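Letters go in sequence order (proteins before strands), and every chain restarts at 1. Quick caveat: nothing in here was measured; it's all calculated off a predicted structure.
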Amino acid sequence: MPEGTGALREVLPKQGTGGEHRPALPAQPAARSRPFSPFAGQLSVEDTVAMVLCKPKILPLKSVSLEKLEKLQRAALEAAQPPEAAPPPSAGAAPPRQ
Amino acid sequence: IQAAWSLKTRALTEMVYVDEIDMDQEGIAEMILDENAVAQVARPGTSLKLPGTSQGGGPSPAVRPVTQSGRPITGFVRPSTQGGRPSTMEQAIRTPRTALTTRPITSASGGYIRPGTASMLTNPDGPFINLSRLNLTKYAQKPKLAKALFEYIFHHENDIKNALDLAALATEHAQFKDWWWKVQIGKCYYRLGLYREAEKQFKSALKQQDMVDTFLYLAKVYLRLDQPVTALNLFKQGLERFPGEVTLICGIARIYEEMNNISSAAEYYKDVLKQDNTHVEAIACIGSNHFYSDQPEIALRFYRRLLQMGVYNCQLFNNLGLCCFYAQQYDMTLSSFERALFLAENEEETADVWYNLGHVAVGIGDLNLAYQCFKLSLVNNNDYAEAYNNLAVLEMRKGHTEQAGALLQTASSLAPHMYEPHFNIAILSEKVGDLQRSYTAAQKSEEAFPGHVDTQQLLKQLKEHFAML
């Protein structure tokens, strides 16, 4: 089959399938319609190039180690910020005890 | 009191313990200044650095999204999943390396400092064990305490030198007959970058006592030395000693995946499942392979299995939603995506889910909804190249050529490894009449995906046109 008009050909019925149906309908000689010829009347085929979309993304699942690592990193980041707030209150708390 | 001390040490270590077999963050310095390479250019199929030779087949970039190194997106991500070995410094800096942020870590020691601050977390008043005052020789003589202490120093404090000293003393004390200490020394050498010495230690440990873990560590060394074939042979050897061992089979599958040999990887993942049918990584990888091989119903079965096993996170529901939609089970699609949005832990995950929802919208023909979804995706993650590209396609349909062009420029600069933005720029420029720009863009698209028929046709057309001038 020629490749050029591939899209068009797949949708329309092939001429050969008429033959398979004949054994099932033996008593209908003249009433059958002419085989459908898809290319009578077709003038030209144009293959316009369309833009492509990026594909849907299956998200990779994370391993247990990776999740634990992320948790630790997040905790470390958070611990890095409060220590600026923590020392002043503790420095303020120490002297009054004396 | 020794028992209590030992218990506390082990508890503190356990808090921050991440399986060393998985931990493998390679910094930029290691990648670029690699002195372990034997040959300048590796033969195809023998190196992890050249993924381009896709021997094993599998879906092409026309169907399956591709990461920065040119490898297709995998179904499962671990701490050691390579973003790819970049060929230029610029690409190296761009590659996201850490789990959370997209800024790369510049060298391996930088990444490990963060786990080391764990000691700050557990003991705000100061470290539990003061390493500089420790008498390592004394502890080396007491094997049980020494082992707990070593693990503490290695994982919690991240002080490899002291750990190595302790391990060396302990090995001497055990007269080099204890395989455990050899493995620990090997781990220290690995962290310090002395891979050949690590290899020696692991091999000697293996001679004494066959242990699955030792095989895994040794394979890690070979992978770091960029010798995947040696690692594969090692795994096969290990399988002779430990037939049916899931971690070894999984290791083989991972190497094949890294070498872009998807069909072999799929085979080995199936073997893993024969042995252990709850193995999350294998199920996820096979599921994603089926999805991109145009079999979403089978992929759906795999992801449903994961749901059965109790995996409950954003990525799984996103994947379920996608598989349901493409398998034409429209009742489950939107509720899965809703659940995914609810479970998203950060903005990047939300952006991913909105991006996929945009695809669903395109599929049902609701272009307004698609437009909004892609915009939402960009709101959550400003660097989402795929969303820019798809928005550009939608704008083109509406006829807004300049906006489409601007969006495509952003997409192509954010993700030069993807062929879609380049190809779309080529088409856009050709329509507008800017043939020079079209030609350069088409060339970039061909570089990213040499097998794309439309790109080649476009290039042929343009060449004929230029020849006529």
Next item on the list: For K398(B), look at atom NZ and say whether over 12 heavy atoms of other residues, nucleotides or ligands are found less than 6.0 Å away.
Entry: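 Buried by this count: over 12 neighbours within 6.0 Å.
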So for [X], is it side chain, backbone, both, or neither that comes closer than 4.5 Å to the heavy atoms of chain A?
{"X": "V311(B)", "answer": "side chain"}
{"X": "V393(B)", "answer": "both"}
{"X": "N424(B)", "answer": "both"}
{"X": "Q461(B)", "answer": "neither"}
{"X": "L306(B)", "answer": "side chain"}
{"X": "L408(B)", "answer": "side chain"}

Note to self: Checking H279(B) now: which residues fulfil ring pair (Phe, Tyr, Trp, His ring centres under 6.0 Å) with it, not counting sequence neighbours?
What the structure shows: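 With neighbours one apart ignored, the set is empty.
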Checklist line | Any donor-acceptor pair under 3.5 Å from N319(B) side chain to L59(A) backbone | finding: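 Checked: pair present.
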Check: Checking N390(B) side chain against C54(A) main chain: does a donor-acceptor pair fall under 3.5 Å?
Finding: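 Yes: the side chain of N390(B) pairs with the backbone of C54(A).
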Considering non-hydrogen atoms only, spot the tightest contact between [X] and [Y] and give its length.
{"X": "P56(A)", "Y": "Y326(B)", "answer": "CG-OH, 3.6 Å"}
{"X": "L72(A)", "Y": "M15(B)", "answer": "CD2-O, 4.2 Å"}
{"X": "Y292(B)", "Y": "I58(A)", "answer": "OH-N, 2.9 Å"}

Check: What residue pairs, at least two apart or across chains, pass salt bridge (charged side-chain N to carboxylate O under 4.0 Å, His left out) with a residue in residues 48-61 of chain A?
Finding: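 Residue pairs with at least one partner in residues 48-61 of chain A: K55(A)-E420(B), K57(A)-D352(B), K57(A)-E386(B).
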Check: chain A: which of L316(B), N356(B), I427(B), L322(B) shares the most heavy-atom pairs with it under 4.5 Å?
Finding: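 So the answer, after comparing L316(B), N356(B), I427(B), L322(B), is N356(B).
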Margin query: Heavy-atom pairs under 4.5 Å with chain A - which of Y419(B), F423(B), Y355(B) has more of them than the others?
Written below: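 Option with the greatest count: Y355(B).
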Next item on the list: Determine, for E281(B) against K62(A), whether the closest basic-nitrogen to carboxylate-oxygen distance falls under 4.0 angstrom.
Entry: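 Between K62(A) and E281(B) there is no salt bridge, as every charged N stays at least 4.0 Å from the carboxylate O atoms.
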Next item on the list: Measure the CD-CE distance between E395(B) and M51(A) for me, rounded to the nearest 0.5 Å.
Entry: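 Between E395(B) CD and M51(A) CE, I get 11.0 Å after rounding to 0.5 Å.
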